[in-house]
Amino acid sequence: MSTNHLGVGAALLSLILTSTCCSCLETSRNGSPPNIVIMLMDDMGWGDLGVFGQPAKETPNLDRMAAEGMLFPNFYAANPLCSPSRAALLTGRLPVRNGFYTTNAHARNAYTPQEIVGGISQDEILLPEMLRKVGYVSKIVGKWHLGHRSQYLPLEHGFDEWFGSPNCHFGPYNDSDRPNIPVYKDSQMVGRYYEEFEINVKTGESNLTQIYLEESLLFLRAHAKAQQPFFLYWAVDATHAPVYASKSFLGRSQRGRYGDAVMELDHSVGVILDELRTLGLAEDTLVFFTSDNGAALVSAPTQGGSNGPFLCGKETTFEGGMREPAIAWWPGRIPAGTGVNFCPGEEVDGVTTHDQKEHTMQPLIFHLGRDPGEKFPISVLSEEYRTALQNISPVVERHKKNLVVAVPQLNMCDLAVMNWTPAGCEKLGKCLKGPKSQPWKCDWPH
């Protein structure tokens with residue numbers, strides 16, 4: 001089923017999944033709550049899927065998933081940057097409500113590099129915390145990105161298991177100025193990127209996607225035997241620069257190294273769906289696939305993807321940054337259907353600027369029905385503009401009136417809080433000496 005006018009985006013997905021009155025939670029095949037799998041890609045664009053018209057057609061498993069399930073052409077993230085988008089997905093609340101924003105200078109967009117002091121607030125209720133109340137066991141595999149200090153890690157916020165990292169896989173670092181990012185198994189580190197978990201930046205080779213795939217399969221098999229409802233949050237990051245793929249996928253794509261990473265992720269999606277069928281869980285499991293934000297065009301073409309016909313990409317609030325690929329799959333419950341195809345877009349003079357211009361009094365308005373690429377702003381002198389503004393303004397005012405703004409968590413940075421001594425480093429001999437604490441206001445140039 002192709003849904004052309006989706007009324008809910010990623011920020012509300014968790015509310016749908018955890019609403020006890022939602023029919024999907026009450027009507028799995030065996031009468032118990034359904035299992036839930038969220039597959040969250042990193043910097044994968046709307047135009048990276050064959051079902052959305054990518055010419056190379058290198059995503060057969062995702063295309064099959066869309067054909068067997070429900071495709072969402074109009075699915076939006078809550079933010080065009082990784083950390084605030086993920087915080088919104090897991091809380092069901094906009095970044096300004098959950099604290100994943102900054103008030104430094106003119107900026108609002110911010111994320112969680114390893115020098116960030118803050119993270120997800122203890123006041124926020126995350127999806128796995130809500131699911132735990134109705135008997136679920138939850139695991140995150142891959143990138144967390146909601147804070148790397150001990151009080152912000154996944155097992156402190158509802159997850160029962162974790163295999164992955166608290167930050168992006170940037171590096172390698174020299175361990176004196178900046179430590180390499182740790183990889184955790186539950187609450188203890190088991191190594192670091194570029195050390196025990198190798199990523200060859202020059203060739204792009206890494207087995208991380210295969211490791212993350214195996215971790216997900218072990219979890220599925222264990223809880224199929226336990227017959228307990230589960231939530232698997234599979235948050236893999238191979239398509240985030242520096243992109244990587246395992247040896248068997250390198251060089252296979254027509255799209256270069258980024259395409260290799262997409263092909264391996266697509267293959268992994270197929271393996272997971274097939275495993276659910278093999279375990280007899282497919283008809284009892286809701287699987288949702290999406291991306292945290294649009295493709296990072298600053299990393300393209302070899303390290304970034306495609307946003308199809310839509311304008312710009314990651315770090316912008318144009319369609320290319322906010323509109324994400326999304327597919328829901330649940331055999332026997334979600335009707336099978338087909339996808340859509342659009343033609344490419346172009347840059348727009350006077351719109352895609354790098355100046356931070358105030359548009360509050362006279363916002364740019366586009367008609368996405370006839371202009372999905374946001375190439376032609378509606379003239380401020382036209383009757384159409386005045387009518388649209390009259391309809392939009394009351395909605396904005398209601399939002400402002402009811403908005404409860406959270407304390408910003410992403411304002412302060414400090415080199416002393418980086419991953420120098422993660423839990424478990426003593427056993428591995430991987431503890432590092434960090435600098436003295438000298439906090440400063442983070443600089444966010446986005």
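- Side-chain contact of S246 with E264: a donor-acceptor pair under 3.5 Å is present, judged by distance alone.
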- request: Would you check, one step at a time, whether the test disulfide (SG to SG under 2.5 Å) holds for C168 with C82?
  value: CA-CA 10 Å; C168 195; C82 42; over 6 Å; no
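- Taken to the nearest 0.5 Å, the CG atom of N200 stands 9.5 Å off from the OH atom of Y194.
- A side-chain contact (heavy atoms from CB on, under 4.5 Å) with P422 holds for exactly one of P182, P166, P179; it is P182.
- Salt bridge absent: D237 and K143 never bring a charged side-chain N and a carboxylate O closer than 4.0 Å.
- N174 and S176 share a side-chain donor-acceptor pair at under 3.5 Å.
- Ring-plane geometry between F249 and H267 is classed as tilted, the angle between the planes lying from 30 to 60 degrees on a 0 to 90 degree scale.
- Between R255 and D260 no salt bridge is recorded (no basic side-chain N to carboxylate O distance below 4.0 Å).
- Judged purely by atom type and a 3.5 angstrom limit, Y136 has no side-chain atom pairing as donor or acceptor with the backbone of E129.
- More than 12 non-hydrogen atoms from other residues, nucleotides or ligands lie less than 6.0 angstrom from CG of L155.
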field: Worked check of side chain to side chain contact (heavy atoms under 4.5 Å, CB included) between T59 and V51
entry: CA-CA 8 Å; T59 56; V51 70; over 6 Å; no
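- Rounded to the nearest 0.5 angstrom, L432 CG and C425 SG are separated by 7.5 Å.
- Here the side chains of L90 and Y233 are in contact, with some heavy-atom distance below 4.5 Å.
- Using a cutoff of 4.0 Å between basic side-chain nitrogens and carboxylate oxygens, R64 and D274 are scored as salt-bridged.
- No side-chain donor-acceptor contact under 3.5 Å links H148 to the backbone of I181.
- Rounding to the nearest 0.5 Å places CZ of F52 at 9.0 Å from CZ of R323.
- Judged purely by distance below 3.5 Å, without hydrogens or angles, the side chains of S85 and N79 never pair a donor atom with an acceptor atom.
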message: Run the salt bridge (charged side-chain N to carboxylate O under 4.0 Å, His left out) test on E161 and K185 for me, step by step, so that the C-alpha distance in whole Å, both residues' side-chain angles and the decisive distance to 0.1 Å come before the verdict.
response: CA-CA 8 Å; E161 301 177 36; K185 182 175 178 59; over 6 Å; no
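- In this structure, F75 has its ring center under 6.0 Å from that of F288.
- Here CZ of R86 is found 4.5 Å from CG of L40. Values are rounded to the nearest 0.5 Å.
- F197 has its side chain out of reach of N207: every pair of non-hydrogen atoms, C-beta onward, lies at least 4.5 Å apart.
- The backbone N or O of I199 lies less than 3.5 Å from no partner atom in the side chain of S206, so there is not a single donor-acceptor pair.
- Shown here is Q122, whose CD atom has more than 12 heavy atoms of other residues, nucleotides or ligands within 6.0 Å.
- Q438 places none of its side-chain heavy atoms less than 4.5 Å from the side chain of L415.
- Look at E58 and R252 and you find no salt bridge, because none of the NZ, NE, NH1 or NH2 atoms lies under 4.0 Å from a carboxylate O.
- Side chains of T239 and D43: no donor on one and acceptor on the other come within 3.5 Å.
- A heavy-atom distance below 4.5 Å is not found between the side chains of Q188 and L428.
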Would you give me the side-chain donor-acceptor pairs under 3.5 Å for residues 298-312, sequence neighbours excluded?
residue	atom	partner	partner atom	Å
Q303	OE1	V243	N	2.9
S306	OG	G308	N	3.1
N307	OD1	A295	N	2.8
N307	ND2	A295	O	3.4
N307	ND2	C312	O	3.0

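- Between E124 and R93 a salt bridge is recorded (basic side-chain N to carboxylate O distance below 4.0 Å).
- Between M418 and R178 there is a side-chain heavy-atom pair separated by less than 4.5 Å.
- Judged purely by atom type and a 3.5 angstrom limit, R192 uses its side chain to pair as donor or acceptor with the backbone of K430.
- A pairwise comparison of heavy atoms in A245 and L250 identifies O-CG, 3.8 Å as the closest pair.
- Taking the ring centroids of H169 and Y244, they lie under the 6.0 Å cut-off.
- Here the side chains of Y184 and L153 are in contact, with some heavy-atom distance below 4.5 Å.
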Donor-acceptor pairs are to be reported for all side-chain atoms of residues 214-225 against protein atoms at under 3.5 Å, with residues two or more places apart or in another chain.
residue	atom	partner	partner atom	Å
E215	OE1	K139	NZ	2.7
S216	OG	L213	O	2.6
R221	NE	E275	OE2	2.8

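- In this structure Y212 satisfies the ring-ring contact (aromatic ring centres under 6.0 Å, His included) test with no other residue, sequence neighbours excluded.
- We find the OG1-CG distance between T285 and L276 to be 5.0 Å, quoted to the nearest 0.5 Å.
- No donor-acceptor pair closer than 3.5 Å links the side chain of R149 to the backbone N or O of V417.
- D175 places a side-chain N or O within donor-acceptor distance of the main-chain N or O of N180, the cut-off being under 3.5 Å.
- Judged by distance alone, the side chains of W329 and E68 do bring a donor and an acceptor atom under 3.5 Å apart.
- The two atoms that bring A282 and W330 nearest to each other are O-CD1, 3.6 Å, heavy atoms only.
- Residues F163 and V183 meet the side-chain proximity criterion, which asks for heavy atoms closer than 4.5 Å.
- The number of heavy atoms from other shown groups lying within 6.0 Å of CD (E426) is above 12.
- Between E324 and W46, every side-chain heavy-atom pair lies at or beyond the 4.5 Å cut-off.
- A salt bridge between K375 and E319 is absent, with no side-chain N of the basic residue lying under 4.0 Å from a carboxylate O of the acidic one.
- Between the D284 side chain and the L281 main chain, no donor and acceptor come within less than 3.5 Å of each other.
- Taking OH of Y152 as the reference point, atom CD1 of I116 lies at 9.5 Å (rounded to 0.5 Å).
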